[in-house]
Amino acid sequence: MKRVVVITGAARGIGLAIARRFAASGDHLVLNYFDTRDQLDEVIRTAEANGGDGITVQADISHPEAASGIIREAEGRYGRVDILVNNAGRLVSATVEQTTWAQWEQMISTNLGGTWACMQAVLPGMLARGQGRIINISSELGLIGFPTYAAYCASKGGVIALTKAVAKEVAPKGVLVNSVAPGPIETDMLINDTLEFNDETRASLPLRRFGKPDEIAAMVEALAGPAGDYMVGQIISPNGGAAI
Ligand SMILES: NC(=O)C1=CN([C@@H]2O[C@H](COP(=O)(O)OP(=O)(O)OC[C@H]3O[C@@H](n4cnc5c(N)ncnc54)[C@H](O)[C@@H]3O)[C@@H](O)[C@H]2O)C=CC1
Ligand SMILES: CC(C)c1ccc(C(=O)O)c(O)c1O
């Protein structure tokens, strides 16, 4: 059966790679975007070519009503959500002294608050049906911390703790919650928003390269499918050896 898959922040980077994987499986896609949606028509055409379909939903997930609205749109269109991928995220790198309250609030309300709001909205339907998968994109930096990324690390550490707590709460009722915690992946976020996108950082990694978005999408696809049947509250970290 075709799955109904909601992906936040699907318009580029890791979210787009995840959307492409589910499109190739011919699933029903609900693709959230924040501003531009240029590449999403192509993703939906791919889903259709494989027997599925899709819709796009504009929403700023840092506002809980907007985040829960994505789930309402999905349920309105398809009657259920089988898989929720909380991918949308923001990163501003700055020292603690330089970080403004507005930047702190933006990262916490998007990365942690948006994940919370989407989960809270999707769970009643999943629990009523006794099945569902939720995959939260956190970060290796939520596990190990990193200088000049304190607010981001706090938000992603929160996503990791949230994943574990909710997983324990809902697994007995058939809903499996896990997280993928990527290391450095070559996307706009890394290129534009971090101080550390440089040859020195790349050379310091055991694999000597940054990761590719599809290497994260592959983990998400695995957790969403039969390979994820016995996975509960786990934090999988494809990171090229950056965090061992
Ligand atoms: N690129 C990297 O090295 C790593 C990224 N991650 C995480 O992976 C996820 C995806 O990041 P990338 O693809 O790398 O970044 P990106 O910046 O290319 O994409 C992020 C997406 O989230 C969307 N977004 C941001 N704020 C939003 C909001 N308030 N409402 C709705 N959508 C919003 C953006 O519009 C964009 O489409 C993020 O959660 C990020 O924290 C985690 C570890 C490493
Ligand atoms: C410090 C490195 C380059 C880096 C930057 C950003 C992220 C992230 O967005 O989570 C990382 O995981 C990193 O390892």
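All residue numbers refer to positions in the sequence shown, counting from 1. One-based numbering, in listed order, for ligands and for the atoms of each.
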So is there a nitrogen or oxygen of [X] less than 3.5 Å from a nitrogen or oxygen in ligand 1?
X	value
I61	yes
Y33	no
G15	no
D60	yes

G89 heavy atom under 4.0 Å from ligand 2: no
Heavy atom of F197, distance to ligand 2 below 4.0 Å: no
Y152 N/O under 3.5 Å from ligand 2 N/O: yes
N or O contact, T201 vs ligand 2, cut-off under 3.5 Å: no
Ligand 2-proximal atoms of I185, by part, heavy-atom distance under 4.0 Å: neither
Proximity winner for atom 4 (C) of ligand 2, if only heavy atoms of T148, N111, L190, I14 are counted: L190
Proximity winner for atom 2 (C) of ligand 2, if only heavy atoms of P184, P147, A243, A242 are counted: P184
[X] neighbourhood, listing ligand 2 atoms whose heavy-atom distance to it stays under 4.0 Å:
X	value
S139	8 (C), 10 (O), 12 (O)
F146	1 (C)
P182	12 (O)

T115, N111, N136, N32 screened by side chain to side chain donor-acceptor pair (under 3.5 Å) with N86, the one that passes: N136
Charged tip of R202 within 45° of F197 ring normal and under 6.0 Å: yes
T8 and ligand 1 - part of the residue with a heavy-atom distance under 4.0 Å: neither
